[in-house]
Amino acid sequence: MQKGGTGKTTTAICLAAGFVLQNKKVLVIDLDPQANLTVASGIDPLEHPTIYDCLKDPKVKASGLIIQSPYGFDIIPANLSLSSAEAQLVGAVNRDRKLANKIKEIEREGLVYDYVIVDCSPSLGILTLMALTAANSVLIPLQCQQFAAFGLNDFLETMKLVQSELNSELHLLGILLTMYDARTRMSRTIAQEIREVMGEQVFNAVIKFSTALAEVPTRGPIQAYDPRHEVAFTYNELAKEIIENDEKDHR
Ligand SMILES: Nc1ncnc2c1ncn2[C@@H]1O[C@H](COP(=O)(O)OP(=O)(O)OP(=O)(O)O)[C@@H](O)[C@H]1O
Ligand SMILES: [Mg+2]
């Protein structure tokens with residue numbers, strides 16, 4: 001997930017909660033030194049070892065870093081120490097594959113997750129490349145508030161590069177229209193244009209602009225504190241849509 005302040009972290013945690021409601025086993029990995037996902041998941045980022053520990057030290061197993069969040073999904077937290085990863089890992093052998101290898105190791109140990117969600121930082125640095133190398137697919141939240149859509153092409157180009165150089169399996173899971181406000185022409189235009197260009201790759205679920213989501217960073221997924229809210233419902237619908245698409249692909 002890319003682009004500053006588009007709703008990546010909000011989507012990561014609310015989608016995780018949506019999957020949990022569908023009885024899926026979910027691991028979220030915070031790969032952003034800002035640690036917003038960690039804090040929103042009710043975890044103190046200074047109290048636990050973090051994803052950085054296993055990226056910098058091959059002997060540290062990722063499975064030992066997993067914590068149960070109060071919201072039914074597991075989490076590997078981050079904290080600010082992760083910001084030094086960019087500099088530290090610059091020359092590391094196979095650095096782009098580091099996260100992929102750690103996730104594979106979790107699977108080899110017999111810990112099975114239906115979905116592993118990695119929350120990325122807004123920069124397209126080494127950490128995000130690692131995430132794209134580890135991922136099967138990318139969900140892009142696209143803000144219908146300003147012309148955030150301009151960044152979409154650049155990101156799709158980066159994805160293509162990663163596909164050809166680092167991870168041929170990588171595909172676009174879908175584009176999620178977020179912060180949609182039907183009252184503004186801007187939102188309607190962006191949504192319409194993106195659907196024209198990207199067609200089926202845009203999720204049917206559209207996340208409306210909602211101040212109720214402002215509480216996610218301190219109170220966790222909206223499904224936990226306001227389960228009847230329309231946006232909670234939409235994130236649950238998004239989870240179902242992704243599960244249904246997966247089932248279609250496996251048929
Ligand atoms: N649908 C929405 N309606 C209104 N506000 C929203 C919505 N989604 C997210 N926000 C708010 O927008 C801000 C940015 O959201 P979020 O932290 O999820 O973005 P991000 O992409 O993870 O940002 P960053 O790139 O800094 O990691 C937060 O204050 C959040 O509460
Ligand atoms: Mg974020």
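As the structure is a prediction and not an experimental result, all values here were calculated from the model.
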* Walk me through it: do Asp119 and Val28 pass the test side-chain contact (heavy atoms from CB on, under 4.5 Å)? => CA-CA 7 Å; Asp119 185 31; Val28 298; over 6 Å; no
* Residues two or more places apart in sequence or in another chain: which of them pass ring-ring contact (aromatic ring centres under 6.0 Å, His included) with Tyr235? -> none
* Who pairs with Asp181 by salt bridge (Lys or Arg N to Asp or Glu O under 4.0 Å), at least two apart in sequence or on another chain? -> Arg183
* Does Arg185 have any side-chain contact (heavy atoms from CB on, under 4.5 Å) partners at least two apart in sequence or in another chain, and if so, which? -> Arg188, Thr189
* To do: Only counting residues at least two apart or in another chain, list the ones meeting salt bridge (Lys or Arg N to Asp or Glu O under 4.0 Å) with Glu109.
  => none
* **For Tyr180, ring-ring contact (aromatic ring centres under 6.0 Å, His included) partners two or more places apart** => none
* side chain to side chain donor-acceptor pair (under 3.5 Å) contacts in which one or both residues fall within residues 93-102, not counting sequence neighbours -> none
* Structure fact -> Those residues at least two apart in sequence (or on a different chain) that pass side-chain hydrogen bond (donor to acceptor under 3.5 Å, both in side chains) with Asn167 are none
* For residues 57-70, which residue pairs qualify under salt bridge (charged side-chain N to carboxylate O under 4.0 Å, His left out), counting only residues two or more places apart or in two chains? -> Asp57-Lys59
* Cut-off 3.5 Å, side chains only: do Gln223 and Tyr71 have a donor facing an acceptor? -> no
* **side-chain hydrogen bond (donor to acceptor under 3.5 Å, both in side chains) partners of Ser187, counting only residues at least two apart** => Thr184
* To do: Could you note down all residue pairs passing salt bridge (charged side-chain N to carboxylate O under 4.0 Å, His left out) where residues 205-216 supplies at least one of them, sequence neighbours left out?
  => Lys208-Glu230, Glu215-Arg219
* Results of salt bridge (Lys or Arg N to Asp or Glu O under 4.0 Å) for Lys160 - residues two or more places apart only -> Glu157
* To do: For Tyr115 and Asn136, test the side chains for any donor-to-acceptor distance below 3.5 angstrom and give the result as yes or no.
  => no
For residues 34-42, which side-chain donor-acceptor pairs fall under 3.5 Å, sequence neighbours excluded?
| unit_1 | atom_1 | unit_2 | atom_2 | d |
| --- | --- | --- | --- | --- |
| Gln34 | NE2 | Asp32 | OD2 | 2.7 |
| Thr38 | OG1 | Asp30 | OD2 | 2.6 |
| Thr38 | OG1 | Ala78 | N | 3.0 |
| Ser41 | OG | Leu37 | O | 2.7 |

* Asked: Same hydrophobic cluster for Leu166 and Leu170, using side-chain heavy-atom links shorter than 4.5 Å among ILVMFWY?
  -> yes
